[in-house]
Amino acid sequence: MRRNIVAGNWKMNKTLQEGATLAKELKTALTGKTVNCDVIICSPFIHLTAIHETVKDSQVKLGAQNCADKVSGAYTGEVSAAMVASTGAQYVIIGHSERRAYYGETNAILKEKVRLALDNQLIPIFCIGEVLEEREAGKQNEVVNKQISESLFDLSAEDFGKIVLAYEPVWAIGTGKTATAAQAQEMHAFIRQTVAGKYGTAVAAETSILYGGSANAGNAKELFSNPDVDGGLIGGASLKVETFLPIAEAF
Ligand code: PEP
């Protein structure tokens, strides 16, 4: 179902103790407050169990930042979707551009991760987005279409309906250079149209599409006011309650 979502991606930041403190602070700050969106923390794997204990009876939901593309077995250092789900986490980011760029995650690998996440009742937050050279060459729609179709379009309409999409232009991630509200809307509308072309307008209308890339309290309101922008995936600004909460309050 289409929902407004603000999800924090902590990336490789925070010790266990620091992460537990931040989750507690966020929970406390949200207590007695109504925000018009789902608030999600995507922490490193090792934080999940502790943070789940902290936030389980609160408005704050929990996700991981990755999961393995294999079910189980001799894959040293990997963490499976079943393991993520067993911590109480409900979401998992899949296909973040840093995973694609630094860890060689291809559309085919990501397709496996999505399947395993869904098999374990996790909601994938599936990231797509072009690099600067692709945008400068006017190829952003082609790139995003390929990422979506090669990783997701084998899913049934029912399974696709469980997925959250996050459009994250790579040139905007961690750079302080946000896409303009118009650029975000244009791409989000294209993504929704691409989904409609495959699954129909009803499924497309129910898909949450988040924007990610240097979103902050100053630009969130304008970005979220676009009809096809259903929230944000937030990196740097999710590392402090003072910078994260105002983004959720922008709805
Ligand atoms: C991200 O990594 O998903 C992200 C959007 O990062 P930042 O907000 O720091 O650009």
Side-chain angles (χ1 to χ4, degrees), residues 7 9-13 40 42-48 62-87 89-135 139-174 187 190-191 194-195 197-199 207-213 233 235:
N9 173 14
W10 289 1
K11 312 196 187 195
M12 196 174 73
N13 291 296
I40 306 170
C42 295
S43 76
F45 292 128
I46 63 143
H47 301 56
L48 291 172
L62 182 60
Q65 299 168 17
N66 183 27
C67 67
D69 61 336
K70 302 287 191 299
V71 175
S72 65
Y75 301 101
T76 302
E78 287 293 290
V79 175
S80 72
M83 292 173 186
V84 170
S86 72
T87 67
Q90 293 170 270
Y91 295 83
V92 58
I93 296 173
I94 294 178
H96 192 280
S97 61
E98 288 150 18
R99 302 293 318 170
R100 293 176 187 264
Y102 308 146
Y103 301 97
E105 297 195 357
T106 62
N107 292 340
I109 291 171
L110 298 173
K111 178 175 158 180
E112 296 306 313
K113 294 190 178 205
V114 168
R115 180 71 270 151
L116 289 165
L118 291 170
D119 286 350
N120 287 281
Q121 285 70 54
L122 292 170
I123 299 171
I125 301 174
F126 188 77
C127 302
I128 51 189
E130 78 286 354
V131 299
L132 186 60
E133 302 80 71
E134 291 163 338
R135 176 155 286 261
K139 291 190 170 156
Q140 63 272 23
N141 290 9
E142 193 187 311
V143 169
V144 164
N145 183 304
K146 190 170 156 71
Q147 290 170 332
I148 297 175
S149 55
E150 290 188 1
S151 295
L152 303 178
F153 278 0
D154 277 352
L155 295 172
S156 66
E158 191 191 345
D159 277 346
F160 186 89
K162 297 171 187 162
I163 287 178
V164 172
L165 296 176
Y167 169 59
E168 300 207 298
V170 180
W171 46 270
I173 296 179
M187 178 55 90
F190 170 74
I191 293 167
T194 303
V195 172
K198 171 71 183 175
Y199 294 107
T207 303
S208 293
I209 308 175
L210 315 184
Y211 167 81
L233 182 55

Problem set entry | Residue of the set Leu110, Val164, Ile93 for which side chain to side chain contact (heavy atoms under 4.5 Å, CB included) holds with Phe126 | Leu110

How far does [atom1] of [X] sit from [atom2] of [Y], to the nearest 0.5 angstrom?
| X | Y | atom1 | atom2 | answer |
| --- | --- | --- | --- | --- |
| Trp10 | His47 | CH2 | NE2 | 6.0 Å |
| Ile128 | Leu152 | CD1 | CG | 8.0 Å |
| Lys113 | Lys111 | NZ | NZ | 15.5 Å |
| Leu118 | Ile94 | CG | CD1 | 7.5 Å |
| Ser97 | Ile173 | OG | CD1 | 3.0 Å |
| Ile123 | Tyr91 | CD1 | OH | 4.0 Å |

What I'd like to find out is whether the side chain of [X] reaches to under 4.5 Å of the side chain of [Y], using heavy atoms alone.
| X | Y | value |
| --- | --- | --- |
| Asn66 | Glu105 | yes |
| Met187 | Ile191 | yes |
| Glu130 | Pro169 | yes |
| Ser80 | Lys70 | no |
| Asn107 | Gln147 | yes |
| Val84 | Val79 | yes |
| Leu155 | Ile163 | yes |

For this session: Please assess Glu98 against Lys11 for the test salt bridge (Lys or Arg N to Asp or Glu O under 4.0 Å), listing each intermediate value before the final yes or no.
Result: CA-CA 9 Å; Glu98 288 150 18; Lys11 312 196 187 195; 2.8 Å; yes

If you look at every heavy atom in [X] and [Y], which pair is closest and at what distance?
| X | Y | result |
| --- | --- | --- |
| Ala117 | Pro124 | CB-CG, 4.0 Å |
| Ala64 | Phe45 | CB-CE2, 3.9 Å |
| Gly63 | Ile40 | N-CG2, 4.1 Å |
| Gly129 | Val143 | O-CG1, 4.2 Å |

Exercise. Any donor and acceptor pair, going by atom type alone, linking the side chain of Glu134 with main-chain N or O of Lys139 inside 3.5 Å?
Worked result: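 No, Glu134 side chain to Lys139 backbone: no donor-acceptor pair under 3.5 Å.
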
Problem set entry | Glu112 side chain vs Ile109 backbone, donor-acceptor pair below 3.5 Å | no

Exercise. Can you list the steps and then say if Val92 with Asn120 is a side chain to side chain contact (heavy atoms under 4.5 Å, CB included)?
Worked result: CA-CA 11 Å; Val92 58; Asn120 287 281; over 6 Å; no

Exercise. So Leu165 and Val195, side chain to side chain contact (heavy atoms under 4.5 Å, CB included) or not? Walk me through it.
Worked result: CA-CA 11 Å; Leu165 296 176; Val195 172; 4.1 Å; yes

Exercise. What do the steps show when you test Ser43 against Leu48 for side chain to side chain contact (heavy atoms under 4.5 Å, CB included), and what is the final call?
Worked result: CA-CA 7 Å; Ser43 76; Leu48 291 172; 3.4 Å; yes

Problem set entry | For Arg115, salt bridge (charged side-chain N to carboxylate O under 4.0 Å, His left out) partners two or more places apart |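 Here the qualifying residues are Asp119, Asp159.
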
Exercise. Do we see a donor-acceptor contact under 3.5 Å between the side chains of Tyr199 and Glu158?
Worked result: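 Checked: Tyr199/Glu158 side chains show no N/O donor-acceptor pair below 3.5 Å.
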
For this session: Given side chain to side chain contact (heavy atoms under 4.5 Å, CB included), test His96 with Glu168 step by step and report yes or no.
Result: CA-CA 8 Å; His96 192 280; Glu168 300 207 298; 3.3 Å; yes

